[in-house]
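The next block holds one structure in the form of structure tokens; read it before the comments.
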Amino acid sequence: MNEDDVDMLNEDDDDADEEVDDEDEDSDSPIKAKRRRANAKQLEVLNRVFDRTFFPSTQMRAELGRQLGMSPRTVQIWFQNRRQAMRTRERQRLIKLRNNETKATTTKSD
């Protein structure tokens with residue numbers, strides 16, 4: 001590869017960058033805030049409420065949001081994720097249980 005090839009590649013890279021920049025300028029979408037994990041105090045409160053109810057009311061989510069410095073939507077998503085994690089753990093537990101029963105049955109029939 002000679003210097004002309006390198007220069008041509010660099011020019012192509014510059015053009016590609018300009019195209020991406022143009023797309024960014026055209027978009028009117030606002031910049032999203034960086035995602036944040038709940039801190040220990042927030043988790044303590046959220047888990048305590050989750051122990052009482054898996055589906056907090058709209059009012060309860062709004063109140064939790066105010067108390068914890070989170071939006072009601074963020075609280076809602078936390079509860080959705082927590083319920084899904086619980087379902088996933090239960091599913092994995094049942095699969096493991098079923099696999100253990102199958103192994104035990106196979107061993108007995110040998």
Side-chain angles (χ1 to χ4, degrees):
M1 192 180 259
N2 63 30
E3 287 182 18
D4 292 334
D5 293 336
V6 172
D7 289 341
M8 189 169 59
L9 287 174
N10 288 337
E11 288 174 9
D12 288 345
D13 287 347
D14 291 343
D15 292 344
D17 290 343
E18 289 173 3
E19 289 173 17
V20 171
D21 291 344
D22 289 345
E23 290 174 15
D24 289 344
E25 290 172 12
D26 292 342
S27 66
D28 292 330
S29 60
I31 297 173
K32 290 186 179 180
K34 187 175 178 182
R35 293 182 187 180
R36 292 192 183 109
R37 294 182 66 111
N39 64 34
K41 180 181 182 266
Q42 291 170 329
L43 285 175
E44 182 184 333
V45 173
L46 290 167
N47 280 314
R48 218 175 21 228
V49 173
F50 188 81
D51 289 340
R52 285 186 295 168
T53 178
F54 296 160
F55 295 91
S57 67
T58 305
Q59 281 182 309
M60 185 181 280
R61 288 195 309 264
E63 182 58 32
L64 281 169
R66 272 192 295 278
Q67 288 177 4
L68 302 174
M70 302 167 76
S71 72
R73 178 68 178 144
T74 303
V75 173
Q76 181 181 31
I77 291 169
W78 185 90
F79 274 87
Q80 288 174 347
N81 290 342
R82 184 73 163 74
R83 289 190 300 265
Q84 187 58 45
M86 191 175 69
R87 285 186 211 109
T88 301
R89 268 190 244 102
E90 181 63 15
R91 219 175 281 128
Q92 289 172 343
R93 188 185 68 79
L94 291 173
I95 289 169
K96 189 175 180 181
L97 193 73
R98 193 177 309 135
N99 287 342
N100 289 342
E101 289 174 357
T102 305
K103 287 178 187 175
T105 307
T106 307
T107 305
K108 289 180 183 177
S109 43
D110 287 344

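Atoms considered below: every heavy atom in the structure, side chains included; atoms not considered: hydrogens, waters and symmetry mates.
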May I ask you to check whether Arg87 and Gln84 show a side-chain donor-acceptor distance below 3.5 Å?
yes
Linking directly or through intermediates, with side-chain heavy atoms under 4.5 Å: list the remaining ILVMFWY members grouped with Leu94, chain and number order.
none
Please identify each residue that fulfils side chain to side chain donor-acceptor pair (under 3.5 Å) with Arg98, with sequence neighbours left out.
none
Which atom of Phe54 lies closest to which atom of Arg83, heavy atoms considered
O-NH1, 2.7 Å
I'd like to check the side chain to side chain contact (heavy atoms under 4.5 Å, CB included) partners of Thr58; sequence neighbours left out, ordered by chain and number.
Arg61
Nearest 0.5 Å, what's the CG-CD distance between Leu97 and Gln92?
13.5 Å
Excluding sequence neighbours, so at least two apart, what forms salt bridge (charged side-chain N to carboxylate O under 4.0 Å, His left out) with Arg36?
none
Flag side-chain contact, heavy atom, 4.5 Å: Val49 against Met60
yes
Interatomic spacing from NZ in Lys41 to CG in Leu46 - rounded to 0.5 Å:
10.0 Å
Could you work out, with salt bridge (charged side-chain N to carboxylate O under 4.0 Å, His left out) as the rule, every residue matching Glu90, not counting sequence neighbours?
Arg93
Is there a path of hydrophobic side-chain contacts, each under 4.5 Å between heavy atoms, that joins Leu43 and Ile77?
no
Shortest non-hydrogen pair, Ala62 vs Pro72, comes out as CA-CG, 4.0 Å
Value for CD1 (Ile95) from OG1 (Thr102), rounded to nearest 0.5 Å, stands at 11.5 Å
Would you list the pairs meeting side chain to side chain donor-acceptor pair (under 3.5 Å) in which at least one residue belongs to residues 44-56, sequence neighbours left out?
Glu44-Arg48, Asn47-Arg82
Provide the closest heavy-atom pair for Arg37 versus Gln42 in the form atom of the first, atom of the second, distance.
O-OE1, 4.4 Å
May I ask you to decide if the ring planes of Phe50 and Phe79 are parallel, tilted or perpendicular, using 30° and 60° as cut-offs?
tilted
Let me see the working for Gln67 and Glu63 under side chain to side chain donor-acceptor pair (under 3.5 Å), right down to the final yes or no.
CA-CA 6 Å; Gln67 288 177 4; Glu63 182 58 32; 3.2 Å; yes
